[in-house]
Amino acid sequence: MTPAEKIPLLHVAFSMKFPSPKSELRYDTPFQLLIATIMAAQSTDRKVNEINQTLFSICPDAVSMAATDLNTIRDTIKSINYYNNKAKNIHTVSKILLTEHGGTVPSTREELERLPGVGRKTANVVLANAFGQPVMAVDTHVQRVSNRIGLCSTTTPRETEDELIAIIPPGQVADFHHYLLLHGRYTCKARKPECETCPVTHVCDTYKSEK
DNA sequence: AACTCGGGGCA
DNA sequence: TGCCCAGAGTT
């Protein structure tokens, strides 16, 4: 079965497993999505989501975050303040949005990647989920799942991006991301994948070859 | 494209 | 405690 042929089957199976596919990635604004994605880097989701609740209640947009004292931000997110840089980064990002982008989140990769703490993966998340652009954010979950199922032919994220882009279900970039991400996080885990509860073993090259 | 970096989950 | 992981930044 080719990767493209697997897509409809994946979609059906994952739709049942993850009935509200957009819930976790749905933030009110592009700004909150951007900040939440920066926050998510190298952190666990549960903790990040809790912190974001508080963070966004204090500063829901670029204007208020830029005006918030750095120490307040530091204190709010301190349990995931990776390298002690994250607070500084999101503070700086909000100020740059104000001074260089009229208070909005830019919609090109070049502009996004110029922001501190924003790399290719975060940029792609924003492009796909806030602006609906047909790009794929390939993190380690998506890479691993794609390799195991057989949706891509290399372990190089940059090449995997292009192979996945070619088979994105039309109009469903966000869902596609979400399925692959959650599946990798909760079922197709790096250490001990839980094939017993996996909804897509019938499409999975690795499962079939190891069976 | 490969390497570095070092907090946090988990065994 | 020690191994492994996550992605941005660097080379």
Side-chain angles (χ1 to χ4, degrees), chain A residues 24-25 27 30-55 65 70-71 73-97 100-101 105-130 133 135-149 151-165 173-174 176-195 197 206:
Chain A
E24 279 201 18
L25 274 181
Y27 285 89
F31 172 76
Q32 293 190 6
L33 174 65
L34 170 63
I35 298 301
T37 309
I38 295 173
M39 296 281 287
Q42 288 127 344
S43 301
T44 58
D45 272 15
R46 179 175 306 169
K47 193 181 282 187
V48 169
N49 288 336
E50 285 172 10
I51 290 172
N52 284 348
Q53 298 270 343
T54 310
L55 179 65
M65 188 173 290
L70 177 56
N71 283 325
I73 298 175
R74 235 194 276 278
D75 195 54
T76 304
I77 74 167
K78 61 170 175 281
S79 64
I80 59 160
N81 196 9
Y82 215 78
Y83 297 128
N84 229 28
N85 271 339
K86 233 170 242 185
K88 195 167 188 299
N89 281 348
I90 62 177
H91 195 227
T92 302
V93 164
S94 56
K95 288 191 283 190
I96 293 176
L97 295 186
E100 298 180 21
H101 299 97
V105 174
S107 58
T108 68
R109 178 191 320 289
E110 293 68 30
E111 293 169 306
L112 286 166
E113 289 190 3
R114 229 172 275 140
L115 304 171
V118 178
R120 189 175 183 95
K121 186 257 179 178
T122 299
N124 282 349
V125 167
V126 172
L127 291 172
N129 293 283
Q133 293 185 24
V135 300
M136 285 299 295
V138 179
D139 62 6
T140 58
H141 292 306
V142 172
Q143 180 67 55
R144 181 177 64 254
V145 166
S146 301
N147 284 133
R148 302 226 264 228
I149 293 178
L151 297 179
C152 65
S153 61
T154 77
T155 55
T156 308
R158 184 61 188 83
E159 293 177 34
T160 300
E161 269 186 37
D162 292 333
E163 294 186 62
L164 292 181
I165 286 171
V173 213
F176 193 41
H177 272 115
H178 198 72
Y179 292 151
L180 296 180
L181 184 66
L182 289 193
H183 184 243
R185 185 183 301 153
Y186 299 120
T187 306
C188 198
K189 296 182 287 189
R191 307 290 187 89
K192 35 170 193 171
E194 297 176 2
C195 298
T197 60
T206 304

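Every chain is numbered from 1, with letters handed out A, B, ... down the list of sequences.
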Can you name the residues that form a side-chain contact (heavy atoms from CB on, under 4.5 Å) with [X], not counting sequence neighbours?
X	answer
Cys152(A)	Gln143(A), Ser146(A), Asn147(A), Thr160(A), Glu163(A)
Val173(A)	Ala128(A), Ile168(A), His177(A)
Asp75(A)	Lys78(A)

Does some side-chain heavy atom of Thr140(A) sit less than 4.5 Å from a side-chain heavy atom of Pro157(A)?
-> no
With respect to Thr187(A), which candidate in Leu182(A), Val145(A), Thr197(A) satisfies the side chain to side chain contact (heavy atoms under 4.5 Å, CB included) definition?
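Only one option passes, and that is Thr197(A).
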For residues 112-126 of chain A, the salt bridge (Lys or Arg N to Asp or Glu O under 4.0 Å) pairs (sequence neighbours left out) are Arg120(A)-Glu161(A)
Closer than 3.5 angstrom, by distance alone: can the side chain of [X] be matched with the main-chain N or O of [Y] as a donor-acceptor pair?
X	Y	result
Arg185(A)	His141(A)	no
Thr54(A)	Asn52(A)	no
Glu100(A)	Glu111(A)	no

In this structure, how many angstroms lie between the [atom2] atom of [N] and the [atom1] atom of [X], rounded?
X	N	atom1	atom2	answer
Glu161(A)	dG7(C)	CD	C1'	13 Å
Ile35(A)	dA8(C)	CD1	P	14 Å
Lys88(A)	dA8(C)	NZ	P	18 Å
Arg114(A)	dA8(C)	CZ	C1'	17 Å
Asn85(A)	dG7(B)	CG	P	11 Å
Lys86(A)	dG7(C)	NZ	C1'	9 Å
Leu181(A)	dG7(C)	CG	P	8 Å
Arg144(A)	dG7(C)	CZ	P	10 Å

(request) Check every strand shown and say whether Arg158(A) touches a base, only sugar-phosphate, or nothing at a heavy-atom separation below 4.0 Å. (result)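 It contacts nothing in the nucleic acid.
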Review item, nucleotides 9-11 of chain C N/O atoms under 3.5 Å of protein N/O:
residue, atom, partner, partner atom, Å
dG9(C), OP1, Gly117(A), N, 2.7
dG9(C), OP2, Val118(A), O, 3.4

Protein N or O to nucleotides 8-11 of chain B N or O, pairs below 3.5 Å:
residue, atom, partner, partner atom, Å
dG8(B), OP1, Ser79(A), O, 2.9
dG9(B), OP1, Lys47(A), NZ, 2.8

